[in-house]
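Step one of this worksheet: look at the structure below.
Every value quoted in this text rests on a predicted model; they were computed, and no experiment measured them. Values below: every heavy atom of this structure, side chains too, minus hydrogens, waters and symmetry copies. Letters A, B, ... are given to chains in the order of the sequence lines, protein chains preceding strands, and every chain is numbered from 1.
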Amino acid sequence: MIDKLRRIDETRLEVPLDYKKGMRVPGIIYVDSLLEKELELQAVDQVANVATLPGIVNCSTAMPDIHNGYGFPIGGVAAFDLKEGIISPGGVGYDINCGVRLLRSNLRKDEVIPRLKDLVDVLYREVPSGVGSKGKVRLGPDDEKRILIKGAVWALENNMGDPSDTERTESGGHIEGADPSLISGKAYERGRSQQGTLGSGNHFLEVQYVDEIYDEQAANALGLFTNQVTVMIHTGSRGFGHQVCTDFLEVMERAAAKYGIELYDRELACAPFHSSEAQDYLAAMRAAANYAWANRQCIMHWTREAFMKVFSSSPRALGMSLVYDVAHNIAKIEEHMIKGERRKLVVHRKGATRAFPPGHSELPVIYRHLGQPVLIPGDMGRASFVLLGTEKAMQETFGSTCHGAGRVLSRHQAIKMARGRKIWRELEDRGIIVRSAGRETLAEEMSDAYKDISAVVDVVHKAGLSKKVARLRPMGVVKG
DNA sequence: ATGTCC
């Protein structure tokens with residue numbers, strides 16, 4: 001029960017070893033007393049369940065945007081030893097490499113407001129969205145395989161961006177070790193028509209403006225200034241990644257039994273890191289991650305084209321360069337210091353953002369002195385945030401921080417609460433123009449359905465897991 | 001999140 005939790009300090013709650021039988025390490029949930037009230041019992045239970053898995057290192061961690069997920073909580077971070085540990089699709093999630101990218105511009109808010117409706121219309125037309133939406137990219141079988149290996153670099157080779165984009169993308173926009181031969185026919189089929197599509201649910205493309213800066217020097221280094229217009233793109237690997245996850249959950253359920261791993265919840269299906277099943281999943285997951293990076297790159301390209309049309313100017317003159325692109329649903333092999341010893345671990349981040357500190361060799365040279373840019377999308381009515389990674393995150397959370405607001409209402413509850421309201425109208429009254437493909441998406445995604453993003457970000461800032469740089473406010477939203 | 005049940 002929740003009263004078995006122990007408060008460590010203002011921002012941390014411990015799930016003690018005796019919370020549940022079988023826990024190998026404790027759990028740590030980053031919440032203050034306010035967000036603690038919104039903790040779901042089931043999500044806390046999931047933190048404890050993850051702590052029972054073989055080879056887990058330090059503790060089972062969750063961020064302040066924690067909520068129920070498949071097996072592992074969303075907002076969870078779990079790192080496993082490569083010898084004794086496991087790898088689990090539930091620790092990554094169905095939307096492999098769901099992530100966020102942020103584009104800057106030279107435009108000011110007051111220059112865009114008179115053209116905002118037009119801009120949102122053009123963006124809605126240029127970027128396919130909605131459940132099962134089909135892209136305008138026509139792929140042959142070989143193209144799709146190239147995407148799985150090259151990720152965003154494939155898009156550059158097809159004249160949709162330049163090397164400064166992939167330089168500013170986590171993992172350079174393509175992760176090594178993807179194996180297209182491990183992808184099912186079903187996944188290929190679903191992926192063929194969906195490259196370059198936004199999807200639905202909480203995925204979005206948003207025109208925003210910078211309304212508050214917390215760290216002038218850092219904002220300047222990232223190319224951000226007050227009242228500047230930015231664009232945030234939040235999407236993932238669409239039906240392709242979903243199918244990869246589905247395919248491998250089946251493989252992993254059999255593998256867990258085969259290798260004698262006791263599962264406290266069958267949704268924790270996993271396999272020992274060095275098993276062929278785990279290695280195959282990793283190679284397939286990487287292919288899906290690359291699919292997602294290509295997806296965000298295509299969408300960003302069309303975003304630049306849309307701005308070019310509406311403002312009759314070149315993207316270069318508009319200053320539309322990529323600030324950064326983060327993955328928040330992925331497993332990566334990384335080196336971390338554990339009790340004074342440098343160790344290679346497989347870090348699962350499921351609804352958690354990497355937040356590497358200044359000086360880390362995996363950061364692009366232009367940002368190495370700053371720390372990794374962290375992009376946190378909020379709901380469509382409130383705000384989004386830019387932060388930077390820290391040394392404290394490296395020490396406490398395997399270089400990780402939160403990923404978003406986190407739901408407080410289920411989709412069903414949200415639809416019920418929105419009955420009789422016009423969500424688009426409520427947003428328009430607040431100066432936010434919204435266009436959506438799905439009939440019920442706006443209800444599911446209204447502000448009331450989410451935790452307060454500012455409260456979530458304040459916890460990770462106060463805990464030192466990342467530091468606030470800027471707050472972005474929505475102006476125009478394209479929803480799936 | 002997801003051709004929201006083959």
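Side-chain atoms of A:Tyr291 come within 3.5 Å of backbone atoms of A:Gln195 as a donor-acceptor pair (strictly under, hydrogens ignored).
Note: NE2 (A:His203) to C1' (B:dT4) measures 14 Å, nearest angstrom. Atom CG in A:Asp247 sits roughly 15 Å away from atom C1' in B:dC6 (whole-Å rounding). As rounded to whole Å, 13 Å separates atom C1' of B:dT2 from atom CG of A:Asn329. The NE2-P distance, from A:His242 to B:dC5, rounds to 10 Å in whole Å. Rounded to an integer number of Å, the gap from NZ of A:Lys186 to C1' of B:dT2 is 12 Å. Summarising the geometry, the separation between CD on A:Glu189 and C1' on B:dC6 is reported as 13 Å, rounded to the nearest angstrom. Atom OH of A:Tyr94 is separated from atom P of B:dC5 by 11 Å (rounded to the nearest Å). B:dT2 atom C1' lies 13 Å from atom CD1 of A:Ile74, rounded to whole Å.
Crowding of A:Gln413 atom CD: a count of heavy atoms from other residues, nucleotides or ligands under 6.0 Å exceeding 12.
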Would you sort out whether A:Asp65 and A:His403 count as a side chain to side chain donor-acceptor pair (under 3.5 Å), showing the intermediate values? CA-CA 7 Å; A:Asp65 46 344; A:His403 89 304; 2.5 Å; yes
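Of the two residues near DNA chain B, A:Glu445 and A:Val131, the one whose nearest nucleotide lies more 5' is A:Glu445.
Looking at residues 407-417 of chain A, you'll see A:Arg411 sit with a heavy atom under 4.0 Å from some atom of DNA chain B.
Within the structure, a side-chain polar atom (N or O) of A:Ser200 is placed less than 4.0 Å from OP1 or OP2 of B:dT2.
Annotation: A:His328 is in aromatic contact with A:His234 [ring centroid separation under 6.0 Å]. Note: A:His348 and A:Phe80 meet the aromatic proximity criterion, with ring centroids under 6.0 Å apart.
Residues A:Arg12 and A:Tyr30 have side chains that never bring a donor and an acceptor to within less than 3.5 angstrom of each other.
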